[in-house]
Amino acid sequence: MLKNQRGERRYTVKDLERTRKNLENTLETLNNNKKRDTVVTFEELGVDKLYVDEVQAFKNLFLVSKMGRNVAGINTSSRSQRATDLYMKCQYLDEKTGSKGTVFATGTPLSNSMTELYTMQKYLQQDELKARGLNNFDS
């Protein structure tokens, strides 16, 4: 009752299903072979190190948070295919190289947002976040 008075929103099954469907559509779009070259895949290139300059261009990674509607600066609605694609490549390289396959470079890593800090950690130290029990942003 108190939550309803304060305007906090509970997630319903319908909200979770909608989010799941959006994620599935995003993955399907990223893996759409019609838009990509059919010559060589990323895995077939044999890449074992990825250097990413101007990494702030990849800050719109998908984020799930219950606080998104109530706290300024927590953006849960924007996500980019570019960021999701880079995240999947970083995960692949982490598995292949023992979390030593990605190097980020930028002059402006954070723009006053905790979500951006969490996103950078998610790209570079996903295993460390999990080890500390920080599997999601709200943790």
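Note that the structure is predicted; figures quoted are calculated from it, not measured.
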Query - Enclosure of Lys100 NZ (heavy-atom neighbours >12, cutoff 6.0 Å) - result: no
Once you round to the nearest 0.5 Å, how far does [atom1] of [X] lie from [atom2] of [Y]?
X: Asn60; Y: Gln81; atom1: CG; atom2: CD; answer: 12.5 Å
X: Thr102; Y: Tyr92; atom1: OG1; atom2: OH; answer: 12.0 Å
X: Asp53; Y: Phe104; atom1: CG; atom2: CZ; answer: 11.0 Å
X: Ser139; Y: Arg132; atom1: OG; atom2: CZ; answer: 13.5 Å
X: Leu61; Y: Asp85; atom1: CG; atom2: CG; answer: 11.0 Å
X: Glu116; Y: Thr108; atom1: CD; atom2: OG1; answer: 8.5 Å

Report task. Give a yes or no on whether Met88 and Val103 share a hydrophobic cluster (residues Ile, Leu, Val, Met, Phe, Trp, Tyr; joining criterion: side-chain heavy atoms under 4.5 Å apart). Result -> no
Report task. Quick one: do Met120 and Tyr118 satisfy side chain to side chain contact (heavy atoms under 4.5 Å, CB included)? Show the steps, please. Result -> CA-CA 6 Å; Met120 293 301 149; Tyr118 182 77; over 6 Å; no
For [X] and [Y], which heavy atoms make the closest approach, and how far apart are they?
X: Leu93; Y: Leu50; value: CD1-CB, 3.4 Å
X: Cys90; Y: Tyr123; value: CB-O, 3.8 Å
X: Ala57; Y: Arg82; value: CB-NH1, 3.4 Å

Query raised in the report: Considering residues at least two apart in sequence or located in another chain, which fulfil the salt bridge (charged side-chain N to carboxylate O under 4.0 Å, His left out) criterion with Glu43?
Result: none
Query raised in the report: Yes or no on side chain to side chain donor-acceptor pair (under 3.5 Å) for Gln126 and Tyr87, after CA distance, side-chain angles and deciding distance?
Result: CA-CA 10 Å; Gln126 181 72 33; Tyr87 178 70; 3.3 Å; yes
Any side-chain heavy atom of [X] sitting closer than 4.5 Å to one from [Y]?
X: Leu86; Y: Val52; value: yes
X: Gln56; Y: Phe58; value: no
X: Glu17; Y: Lys21; value: no

Query raised in the report: Between Lys122 (side chain) and Leu63 (backbone), is there a donor-acceptor pair under 3.5 Å?
Result: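 Here the side-chain-to-backbone pair does not exist.
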Requested in this report: Begin with the C-alpha distance, continue with both residues' side-chain angles, and end with the deciding distance and a verdict on side chain to side chain donor-acceptor pair (under 3.5 Å) for Ser99 and Asp127.
Outcome: CA-CA 8 Å; Ser99 298; Asp127 293 338; 3.2 Å; yes
Query raised in the report: By side-chain contact (heavy atoms from CB on, under 4.5 Å), which residues pair with Glu44, not counting sequence neighbours?
Result: Val40, Thr41
